[in-house]
Amino acid sequence: MSDHDFVSGGKPIGIDSGEGPFLYSTDGTEYIDAGASFACTPLGHSHPAVVDAVQEQVGELTFVDSSYPVQSREDAYAAFVASTPDGLEQAWFCNSGTEANEAALKFARSATGDSKIVAATRSFHGRTMGALAATWKDKYKEPYEPLAGDVEFVPYGDSEELAAAVDDETAAVILEPIQGEGGINVPPAGYLETARELTDSAGAALVFDEVQTGMGRTGSMWACQNAGVTPDVLTTAKGLGNGLPVGAIAVRDWIADGAASHNATFSGGPVVSAAVHATISTLVEKEWPAHAAKMGDYLVSELDTALDDDVREIRGEGLLIGIELKRGANRVARDLAMNQQVLALPAGRTVLRLLPPLVIDEEEADQLVDALTEVVASES
Ligand SMILES: *Cc1c(COP(=O)(O)O)cnc(C)c1O
């Protein structure tokens, strides 16, 4: 955070380099980045494949707008579309998660001719006016109202309430396949299938926000693949460029065919495209999603044993893990950082979120478990 930044919260640790799952502070201390810097570095920090691709591209051609064919952009689109479930064959790159969701909601409206958006309690979809309107927390919304209207909220995970809300006027149902900011909430089995059936019969678009769940974190490239449900629009960002600012949406043909005018100046810039291509290629070739599934199982079982009665619940999928604590998560996160050199994220008041880079090994997972045991067990 800069002295002139009036928005971002400041932390008392100056970071000046990173490698793999580690960050190094200005005084040389090694921290394990158990939040992957907001899930933005699935391959770990400064991964050589991404660094090389970006360095080469920035020297060759830093920018030209997206109406000109450029190899790195072609490669990024091809890799991204190939990584998504069959049926999602068209895509568009933007700059962030909120912008991907903004586009999803706009395209759902133009393709259906309807306006109502159905979203879930405890959702997080971003901070621009439209995505914010579909976000649950009043604290984020109220000072900025009125937002884009016509959003109805239903309790996340409740199929009956969803069925009651989706009707002929519905343009889109937008859901995170597993909620991230809202507390790592895994829906009951069958919920996403029900959302698919309901939107199909109402002629509405099913939008899955995979900004946090995507890029291999849950054990598959996309969390919807674990549930076997393909949406009409899949949105992503965060880990897509392993730290470079880029978002994307992948859509079914009927959404693409119904899309009205939309674009962004920096869409699919050559440098972020090089990062996307290198990130997806590396994830796929090295089978990091399968590794994430294995390490997730390992971490959860070790945490279950170590923390036992000291926590209420440990839940998640792959390396998207939430620990429901018996006390405030902010304080635990602070103690982990200051006393154990572990950087973890809170998700809501009492949930601690672990989303380490997918490349962590057992030794690093053990290090996390030991640190958590120290902080959580010692204080409960
Ligand atoms: C972080 C996040 C967003 C917003 O992404 P930005 O890049 O910060 O705009 C949207 N949806 C989900 C699920 C997120 O986790």
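Small disclaimer: the values here were computed from a predicted structure and weren't measured.
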message: Parallel, tilted or perpendicular: which one describes the rings of His291 and Trp288, with boundaries at 30° and 60°?
response: perpendicular

Notebook entry, point to check: Between Phe124 and Trp136, is the gap from one ring center to the other below 6.0 Å?
Noted result: no

### Message
Are Tyr191 and Tyr156 an aromatic pair, judged by ring center distance below 6.0 Å?
### Response
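Yes, ring centres under 6.0 Å apart.
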
Exercise: do [X] and [Y] side chains pair donor with acceptor under 3.5 Å:
X: Ser46; Y: Glu19; value: no
X: Gln212; Y: Gln179; value: no
X: Ser8; Y: Asp5; value: yes
X: Thr218; Y: Thr213; value: no

Next on the checklist: Using modelled atom types and a 3.5 Å cut-off, is there a donor and acceptor pairing between side-chain atoms of Ser25 and backbone atoms of Ile15?
Outcome noted: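 No: the side chain of Ser25 does not pair with the backbone of Ile15.
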
Checking Arg109 side chain against Asp114 main chain: does a donor-acceptor pair fall under 3.5 Å?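 Side chain of Arg109 to backbone of Asp114: no pair is present.
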
Between the OH atom in Tyr140 and the CG atom in Leu147, the distance rounded to the nearest 0.5 Å is 14.5 Å

Separation between CH2 (Trp222) and CG (Leu234), nearest 0.5 Å, reads 5.5 Å

task: Using the salt bridge (Lys or Arg N to Asp or Glu O under 4.0 Å) rule, take Asp232 and Arg196 through it: C-alpha gap first, then chi angles, then the decisive distance, then the call.
output: CA-CA 9 Å; Asp232 299 295; Arg196 179 66 282 177; 2.7 Å; yes

Practice item. In plain terms, say whether Arg353 and Glu181 are close enough for a salt bridge, that is, a side-chain N and a carboxylate O under 4.0 Å apart. Key: yes

Is atom [atom1] of [X] surrounded by more than 12 heavy atoms (other residues, nucleotides or ligands) closer than 6.0 Å?
X: Glu30; atom1: CD; value: yes
X: Glu313; atom1: CD; value: yes
X: Phe38; atom1: CZ; value: no

Distance-only donor-acceptor pairs under 3.5 Å for side chains of residues 47-61, two or more places apart:
from, atom 1, to, atom 2, distance (Å)
His47, ND1, Ala49, N, 3.0
Gln57, NE2, Leu61, O, 2.9

